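Each remark here refers to the structure printed beneath this line.
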Amino acid sequence: MSLPYNPENKESIIQYAKTLRGKTLRQVCDVDLIKNNRKGKGHFGQILEEFFFQYKPNSGSEPDFPIAKLELKSSPLKTLKHSKFQSKERLVLNIINYLEIVNQDFENSTFWKKNAHILLVFYLHVQDADILDYIIKIVDDWSFPKADLEIIKQDWEFIKQKIASGKAHELSEGDTFYLGACTKGATSTTTRKQPFNEIPAKQRAFSLKQGYVNHIIASISNGNDGIYGKLIPNLAVLKTKSLDEIVLEKFVPYYNKTANQIIDELGINLNKNAKHFLANLTKSILGVALDKEIEEFEKAGITLKTIRVNKKGSIKECISFSSFKYTELVTEIWEDSDFKNTIESKFLFVFFEIQDNNYVFQKVKFWNMPHDDIPEAKKVWEHTRNIVNSGNIVKEIMPDGKKATNFMGKTQNRVSHVRPHAQNSADTTPLPVADKLTKANEYTKYSFWLNNTYIKDEVYLK
DNA sequence: GCATGATCATGC
DNA sequence: GCATGATCATGC
């Protein structure tokens, strides 16, 4: 049977793939042949391979189109405000064979042979919809820009070295910047042998971080113009230093200096009354314009937080995240939740000690939440969901009109708690279930916070 | 002094 | 008007 494209020719494959734009699988495949059991995660890709490109799915070490050297990947999108697309999740690539990778160099690695050139098919995910009806929005081929590839090589090397040190069971997605080692398997208990340790390691695959996939999407759609400022000016720097070394080195000249001194040395002018004064100061230290996002941090999903430390060594304030929408929170599952995504991202903490009317730069640290603390944060998320779902937010209306809630407070959990995060108490968002005590259909915006005591013990003092 | 509810300054 | 990155205010 002849195919509607030439599987040995890259351009032919890409041109055929682009006919998918704006269509659904139902429109481009012979749906009568597709069995009903193909509804779950991952089946979009299988149907695409088998019924659109008409080849049998394989899981070998060759790319999907071996002669054209092109790997096919499909992945879900979500929409943001301003109708821009974002990746719904990380992009999962090949499974890491712990036994083989330790004998490979990047250039001859399974990862690079398979993924040097990727044909991307992004579809808009809609909750509870049939996967045959997802609309395909973006189709294009992708190869890595040189500067990105250097960081991906460093990430790959880091993962390989950890396996070579007998620590495959300690791999974590937070170890690296653009290329991660994410868990992959039918259950999270799927394990594989590792070469230098008896302990079985969780099965993992290489994956592009969600932030990096967002960047791919934006650059395919030409949506990146002028939004970003780069940390790394040229490729040469990356040949000798890793991204974290480059970042941390930028702070070296400023240890134990006051904010005023740093401002003078940098020759800049900052509004000291702004609440994000220290965030702006940090951006200036990093050499990024205040009105730009830090490109490398966006790609790596790094959250920058500046911390004020009291003279006695306590952290002045807890750390807030964006307020959540009650209606969205209750439809989430933990694995895909915004909160899990946030706390599993990499953080860059910058500590300033409060001295009289000034701040003194003290410490800077990359950090990921330890694996064992994530279930603790999950308790807060689950508790919050239950409170919202059962309409039991307000516990008591105080004489002064303030409301006490049933949300989990700082004393109830070591890691995290739930607090207001709004313009004022009238700044509300709808509830999925009316509050039983107040009968209200909306409530002040709240968010998850990291406890300052947790940050002190876990980040500042370590 | 701390925990919690409430709010602020800025920029778009 | 809202998101972001925070700090303030008050009762215990």
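What you are looking at is a predicted structure, and each value in this text was computed from that prediction instead of being measured. We name chains A, B, ... by the order of the sequence lines, and we start the count at 1 in each one. FYI, side chains are in, hydrogens and waters are out, and symmetry mates aren't considered; it's all heavy atoms of this structure.
Below 30°, between 30° and 60°, or above 60°: for A:F177 and A:F366 the angle between ring planes is above 60°, a perpendicular geometry.
A straight line from CG of A:L304 to P of C:dT4 spans 14 Å, rounded to a whole angstrom. Between the C1' atom of B:dT10 and the NZ atom of A:K283 lies a distance of 12 Å, rounded to the nearest Å. The interatomic distance linking A:F277 (CZ) with C:dT4 (C1') rounds to 18 Å, in whole Å. Here C:dC2 presents its P atom at 23 Å from CZ of A:F321, a figure rounded to the nearest Å. Separating the CD atom of A:Q423 from the C1' atom of B:dT10 is a distance of 10 Å, rounded to the nearest angstrom. Between A:D427 atom CG and B:dT7 atom C1' there is a gap of 10 Å when expressed in whole angstrom units. If you measure from atom CH2 of A:W449 to atom P of B:dC2, you get 17 Å, rounded to the nearest angstrom. For the pair A:I397 CD1 and B:dG5 P, the computed distance is 13 Å after rounding to whole Å.
For A:Y178 and A:Y212, the gap between ring centers is short of 6.0 Å. If you look at A:Y254 and A:F361, their ring centroids are not closer than 6.0 Å.
Mapping A:K312 and A:V418 onto DNA chain B via the closest heavy atom, the residue that lands nearer the 5' end is A:K312. Between A:Y359 and A:S322, the one whose closest nucleotide on DNA chain C sits nearer the 5' end is A:S322.
Counting any heavy atom pair closer than 4.0 Å across all strands shown, A:K395 reaches no nucleic acid atom. Residue-level contact check: A:A422 touches the bases, meaning some heavy atom is under 4.0 Å from a base atom. Residue A:H421 is in base contact, counting any heavy-atom pair closer than 4.0 Å across all strands shown. Heavy atoms of A:S323 sit nowhere under 4.0 angstrom from any nucleic acid atom.
Considering only heavy atoms from C-beta on, A:E245 stays 4.5 Å or farther from A:L243 through its side chain. Two residues are said to be in side-chain contact when any heavy atoms from C-beta on lie closer than 4.5 Å; A:V415 and A:M369 meet this criterion.
For A:K316, the side-chain atoms get nearest to C:dC8 when compared with the rest of C:dA3, B:dT7, C:dC8. Considering only the side chain of A:T405, B:dG5 comes nearest among C:dA6, B:dG5, C:dA3. For A:H276, the side-chain atoms get nearest to B:dT10 when compared with the rest of B:dT10, B:dT7, C:dC8. Among the nucleotides B:dA6, B:dA3, C:dA6, the one closest to any side-chain atom of A:T411 is B:dA3. In the set B:dT4, B:dT7, B:dG5, the nucleotide with an atom closest to the side chain of A:S425 is B:dT7. Here the side chain of A:R419 is nearest to one of B:dT10, C:dC8, C:dA6, namely C:dC8.
Residue A:T306 has a polar side-chain atom (N or O) positioned under 4.0 Å from OP1 or OP2 of C:dA6. Taking side-chain N and O atoms only, A:K402 has no distance below 4.0 Å to OP1 or OP2 of C:dA9. Distances shown here put every side-chain N or O of A:K410 at or beyond 4.0 Å from the OP1 or OP2 atom of B:dT4. Applying the 4.0 Å criterion to OP1 and OP2 of B:dT10, one finds that A:N271 has a side-chain N or O inside that range.
Side-chain contact, A:D244 with A:S242: a donor N or O sits under 3.5 Å from an acceptor N or O.
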